[in-house]
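One structure is given here, and the rest of the page talks about it.
First the proteins, then the strands, lettered A, B, ... as listed; each starts at 1. All of these numbers come straight from a predicted model, not from anything done at the bench.
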Amino acid sequence: MNNEMTMVEADIWHPAQQQQLFRSLLDAFSYPGRIQSCPLQAEPCIALLGALLDGQTTLSDPQDMLQETIWPKLEAQRVPSELAAFVLLDGSHAPEFVPSLGTLEEPEGGATLLLRVASLHDDDSAVLRMRLSGPGIRQLVTISVNGLHADWIVARNDWVSSFPLGVELVLCDAKNFVALPRTTRIEIGGAA
Amino acid sequence: MNAHYELPLEDAGYSFGFLDEYAKKEVRRCILKAISIPGYQTPYASREMPMGRGFGTGGLQLTLSLIGADDTLKVIDQGSDDSVNAVNLRQFVQLTCPGVEVTEKTQKATLIQSRHRIPEKMLTEQQILVLQVPYPDALVVVEPSEARRKVMHGEADYSRLLVKLYEDVVRFDEITISHRYPTRLNGHYVIDPSPIPRWDVPRLHQSPALVLLGAGREKKIYAVPPYTVAEPLVFDDIAFRVEDFRDANGKRIACRCCGSTVSFLDELIDDAGNVTHQCSDSSYCEEQQETISARKQA
């Protein structure tokens, strides 16, 4: 199964829209596991890239999910997935590389992975259930996802095991997104 | 700032929020990493602002990167909305962010930029607190080299800081740090929580609101995410304690204006040498006074 992206484009390049989207993303990072609906009428993962990237950053798109016409607008430098600060991926395929995890002195070098999934649910109704705890989460939160290969979470839990090293995950479906920073503890299975 | 000052209008003018979009994007990316690694001082390219470093440029760059036309902003300096630093920063934001509302009421604000205090009123999940930071690194008192401090932070090695606290206990029988009390986040990084009094430190623990800290001169951004463990650095047998506002008879001193006995007080000495106390948080104090006068009328 592939998580296809639709190419609706609201004005994701407008600064005021980007500010609005950033505040939603800020809420997503502040309160991991809270599913945010994208405030713009656009494919969330592309809108998020548009709001965050510029010529100073690196991006990798190993599965060619982005149209070529988008790249010049993002301005980001194209680098291999192992080195990129941002990686755009189809969540239905198992991970095939180890992203940048940062270093002990500079953990901010850890990558942000944007995974396109089929759907996000704030209950346990979808295939892959996750129980979340950690900073930003007052009580245990359960979310579930369709179209995400479970190996992503297994690999991610390994990548974040020696804090402060790690990666951030942002899961996006067609309308919503949720952030899973490296401090979030993810248990697969959750409350069934 | 001169009240009649206007920004020079060049061909393109200034963008909303004064900073250009590239600057904002960089700050925003740093904020996300700062939240993901609680307490880690994320380096960023602090921009030149039209005011001196040390006047809150770090906090201001955070505020300008976050703010949108639908935000309501409150700016405070040592608890007061009316002091020079707060007034100037507020005017600057009003000048460069058309449409943004400003308020003095803590509960009405969506974004609060503060110098050296956390508002008395409990913040909510709908609010973001931005603190201005002069010295971001708690380890600077024990290690001059930033390269070595970065290793110590990464390894969560704070033994030398604890020795410093221990020396205080040996010499003075208590830890003598009055403000900027080193605070450990999520069991790893120790932060300098900016020069807030000890009184405010417990409010970082499990705060419903996001707290962002920006040091403009030192070019660092760090964060206390919501619902995160924030523990002041202490020893098992020496408890952390906040400021004591009891008089010689052991009675809690009340604010001279509103009579509150639960707020953080400023000590004022008049020309005659009399000592009085007043709430440091002016918005809280005014609200208490309004409540009292409303009760009297009823």
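For a residue to count as touching a neighbouring chain, one of its non-hydrogen atoms must lie under 4.5 Å from one of that chain's; by this rule A:E106 touches chain B with backbone and side chain alike. Using a 4.5 Å cut-off between heavy atoms, A:Y31 contacts chain B through its side chain alone, with no backbone atom that close. Neither the backbone nor the side chain of B:A230 comes within less than 4.5 Å of any heavy atom of chain A. Contacts between A:F29 and chain B at a heavy-atom distance below 4.5 Å involve backbone atoms as well as side-chain atoms. Contact of A:I137 with chain B is made through the backbone alone, with heavy-atom distances under 4.5 Å. Contacts of B:L66 with chain A are made by both backbone and side-chain atoms, with heavy-atom separations under 4.5 Å. Contact annotation for A:T103: neither backbone nor side-chain heavy atoms come within less than 4.5 Å of a heavy atom of chain B. Contacts of B:H188 with chain A are made by side-chain atoms alone, with heavy-atom separations under 4.5 Å and no backbone atom involved. A:A28 does not touch chain B: none of its heavy atoms, backbone or side chain, sits under 4.5 Å away. Proximity to chain A involves both the backbone and the side chain of B:Y22, based on heavy atoms less than 4.5 angstrom apart.
Here the closest heavy-atom approach between residue A:G136 and residue B:T228 is recorded as N-OG1, 4.0 Å. A:S30 and B:L210 get closest at one heavy-atom pair: OG-CD2, 3.5 Å.
Distance CG/B:N186 to CZ/A:F163: 6.5 Å, rounded to 0.5 Å. Remark: B:R28 CZ to A:R23 CZ distance equals 9.5 Å, nearest 0.5 Å. Atom CD of residue B:E21 and atom CD of residue A:Q18 lie 6.5 Å apart, to the nearest 0.5 angstrom. To the nearest 0.5 Å, atom CZ of residue B:R29 and atom CG of residue A:L53 are 7.0 Å apart.
By number of non-hydrogen pairs under 4.5 angstrom with chain A, the leading residue of B:V229, B:D71, B:I128, B:L185 is B:D71. Heavy-atom pairs under 4.5 Å with chain B peak, among A:L25, A:L26, A:L180, at A:L26. Between chain A and the residues B:E125, B:R149, B:E155, B:H153, the largest count of heavy-atom pairs under 4.5 Å involves B:E125. Between chain A and the residues B:S36, B:G154, B:P208, the largest count of heavy-atom pairs under 4.5 Å involves B:S36.
Using a 4.5 Å cut-off on side-chain heavy atoms (C-beta onward), A:P107 and B:Y40 make contact. Residues A:E168 and B:L32 form no side-chain contact, since every pair of their non-hydrogen atoms from C-beta on lies 4.5 Å or further apart.
Classification of A:E75 and B:K25 as a salt-bridged pair fails, no side-chain N sitting under 4.0 Å from a carboxylate O.
Remark: A:E82 CD is packed, more than 12 non-hydrogen atoms of other residues, nucleotides or ligands lying under 6.0 Å away. In the displayed structure, B:Y135 atom OH is contacted under 6.0 Å by at most 12 heavy atoms of other residues, nucleotides or ligands. Remark: A:Q56 CD is loosely packed, at most 12 non-hydrogen atoms of other residues, nucleotides or ligands lying under 6.0 Å away.
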| request: Could you walk me through whether B:K33 and A:R182 pass the side-chain contact (heavy atoms from CB on, under 4.5 Å) test, one step at a time? | output: CA-CA 10 Å; B:K33 286 297 168 195; A:R182 66 190 71 178; 3.9 Å; yes
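The backbone N or O of B:S65 lies less than 3.5 Å from no partner atom in the side chain of A:Q19, so there is not a single donor-acceptor pair.
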